[in-house]
Trainee: 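The structure's right below; bear with me while I get my questions together.
Residues take their numbers from the sequence shown, with the count starting at 1. Worth saying up front: this structure is predicted, and the values here are computed from it rather than measured. Just so it is clear, the values below take in all heavy atoms, side chains as well, and ignore hydrogens, waters and symmetry mates.
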Amino acid sequence: MRRKPATSTRETALLPADRHRRIVSMVNREGSVRAVDLARLFSVTQETIRLDLEKLEAEGLLLRRHGGAVTVHSPHVEIPFSERRVALAEEKTAIAREALHEIEEGDTILLDASSTAWQVARLLPDMPLTVLTPAIKVVMELANRRNVHIISIGGTLLGPSLSFVGPLAERSIREYHVDKLFLSCSGLDFTHGLTEAHEWQAMLKQRMIEQSDRRILLVDHSKFGVRALTSFARLDQFDKVITDDRIDPAMLKCLRAAGPAVALADVEKD
């Protein structure tokens, strides 16, 4: 009698897009992966994995290394804005479009220096608003909106993020009260909360949360399960979380159980 084949621990056949999402999630969670392990897990050749990693690196989602890949989410180094703006651009655009539903004429809003908040600024219609931000790119994006009153938060320039941070920026934030805050993070860990790669960014975001009535977290699926250098907030401090519909189902379940309202942005729609 022929024996039944042993149950395999490998993943069942996946579409390339699904495989890519799994790879990025693994790299962000574990810090690094080996190509040979990925090939075994997904039941594909190492050449297929090599092509996968090349594509994901071109999209700014990971960094290839000999024999595998490592995360772009370093716990000690802030990723330059020029790289963040192109990574997961579709997801961030979808999240930004969803965030626009939260903004009404006459609002005073605060946009942090994240690439997702910059997408909000890019899509923001020219309507009566007051926008506070420490981000140079946000100021430049809104400069020609005649109906938008812009207040730039000064301080010490942080080159990689093209934003102002430090004690002066924190004191400036304390002088204002805002209706709505739109903020992102380097990582979101359900045990340690929201984290940032740079300590001064983390401290400034703490001040932003304190000065805001309504707090909306903008976070794409790649940030879940990632823990950066400095914790700065708990998830239950936010009224709403907007993420994209490519989030891992297990992460989505944890997110819904955490307390804030959750909105899923439809990436394909954009």
Side-chain angles (χ1 to χ4, degrees), residues 74-82 84-85 96 99 102-104 106-122 124 128-145 147-188 192-219 223 227-242 260:
S74 167
H76 300 290
V77 179
E78 185 170 24
I79 303 169
F81 183 87
S82 59
R84 288 188 286 118
R85 66 177 291 182
E102 295 285 332
I103 301 173
E104 301 173 328
D107 277 346
T108 297
I109 67 172
L110 177 53
L111 300 177
D112 76 347
S114 65
S115 54
T116 311
W118 169 73
Q119 289 284 5
V120 173
R122 188 178 67 83
L124 196 64
L129 289 172
T130 297
V131 178
L132 283 76
T133 184
I136 293 174
K137 293 293 289 185
V138 170
V139 171
M140 293 175 62
E141 189 63 48
L142 296 176
N144 293 324
R145 309 285 213 287
N147 293 302
V148 178
H149 177 52
I150 307 166
I151 300 176
S152 179
I153 303 301
T156 301
L157 178 64
L158 189 61
S161 66
L162 295 176
S163 68
F164 294 105
V165 295
L168 178 57
E170 293 175 43
R171 287 198 298 271
S172 297
I173 286 289
R174 286 195 178 99
E175 297 298 319
Y176 297 99
H177 161 261
V178 299
D179 300 312
K180 296 162 187 174
L181 166 65
F182 296 88
L183 176 149
S184 190
C185 56
S186 295
L188 196 167
H192 300 93
L194 280 64
T195 56
E196 268 299 328
H198 197 286
E199 186 177 10
W200 278 10
Q201 284 282 21
M203 295 174 68
L204 182 60
K205 292 186 180 188
Q206 287 177 341
R207 303 291 86 76
M208 290 179 174
I209 292 170
E210 292 169 359
Q211 302 304 119
S212 307
D213 284 345
R214 182 166 172 80
R215 304 148 183 173
I216 298 112
L217 177 63
L218 313 176
V219 57
K223 304 291 182 65
R227 184 183 178 189
L229 181 65
T230 305
S231 297
F232 70 90
R234 304 183 314 275
L235 194 53
D236 63 9
Q237 291 179 268
F238 288 83
D239 300 284
K240 188 172 187 177
V241 178
I242 304 176

Trainee: Find out whether P134 and V165 are in side-chain contact, i.e. whether some heavy atom of one side chain is under 4.5 Å from a heavy atom of the other.
Mentor: no
Trainee: Hydrogens and angles aside, do E196 and S186 bring a side-chain donor and acceptor to less than 3.5 Å of each other?
Mentor: yes
Trainee: Salt bridge check, R214 against D179: does any charged N sit closer than 4.0 Å to a carboxylate O?
Mentor: no
Trainee: Go through V219 and T116 one step at a time and tell me if the side chain to side chain contact (heavy atoms under 4.5 Å, CB included) criterion holds.
Mentor: CA-CA 8 Å; V219 57; T116 311; over 6 Å; no
Trainee: About how many Å separate CE of M208 and CZ of F182, when rounded to the nearest 0.5 Å?
Mentor: 13.0 Å
Trainee: Would L188 and L235 count as a side chain to side chain contact (heavy atoms under 4.5 Å, CB included) if you check the C-alpha gap in whole Å, the side-chain angles of each, and the deciding distance to 0.1 Å?
Mentor: CA-CA 8 Å; L188 196 167; L235 194 53; 4.0 Å; yes
Trainee: Looking only at heavy atoms, what is the nearest atom pair of T195 and C185, with distance?
Mentor: O-CB, 3.6 Å
Trainee: Looking at P260, is its backbone amide N or carbonyl O close enough to the side chain of D239 to form a donor-acceptor pair, meaning the two atoms are under 3.5 Å apart?
Mentor: no
Trainee: Is there a donor-acceptor pair closer than 3.5 Å between any side-chain N or O of T133 and the backbone N or O of A135?
Mentor: yes
Trainee: Is there a donor-acceptor pair under 3.5 Å between the side chain of K205 and the backbone N or O of W200?
Mentor: no
Trainee: Strictly distance-based, threshold 3.5 Å: is any side-chain N or O of D112 a donor or acceptor partner for the main-chain N or O of S114?
Mentor: yes
Trainee: Ignoring hydrogens and angles, tell me if any N or O in the side chain of Q201 forms a donor-acceptor pair with the backbone of H198 under 3.5 Å.
Mentor: no
Trainee: Checking N147 against L129 for the side chain to side chain contact (heavy atoms under 4.5 Å, CB included) test, could you report, in this order, the C-alpha distance in whole Å, the side-chain angles of both residues, the deciding distance, and whether it holds?
Mentor: CA-CA 7 Å; N147 293 302; L129 289 172; over 6 Å; no
Trainee: Could you tell me whether E199 atom CD has more than 12 heavy atoms of other residues or ligands within 6.0 Å of it?
Mentor: no
Trainee: On a heavy-atom basis, which atom in L194 and which in F238 lie closest, and how many Å separate them?
Mentor: CD2-CE1, 3.5 Å
Trainee: Are the side chain of T130 and the backbone N or O of H149 linked by a donor-acceptor pair below 3.5 Å?
Mentor: no
Trainee: With the side chain counted from C-beta on, respond yes when I103 and V120 share a heavy-atom pair under 4.5 Å apart, and no when they do not.
Mentor: yes
Trainee: Could you go through the side chain to side chain contact (heavy atoms under 4.5 Å, CB included) check for L110 and I173 one step at a time?
Mentor: CA-CA 10 Å; L110 177 53; I173 286 289; 4.2 Å; yes
Trainee: Donor-acceptor pair, distance only, cut-off 3.5 Å: does the side chain of R215 make one with the backbone of K240?
Mentor: no
Trainee: Salt bridge check, E141 against R122: does any charged N sit closer than 4.0 Å to a carboxylate O?
Mentor: no
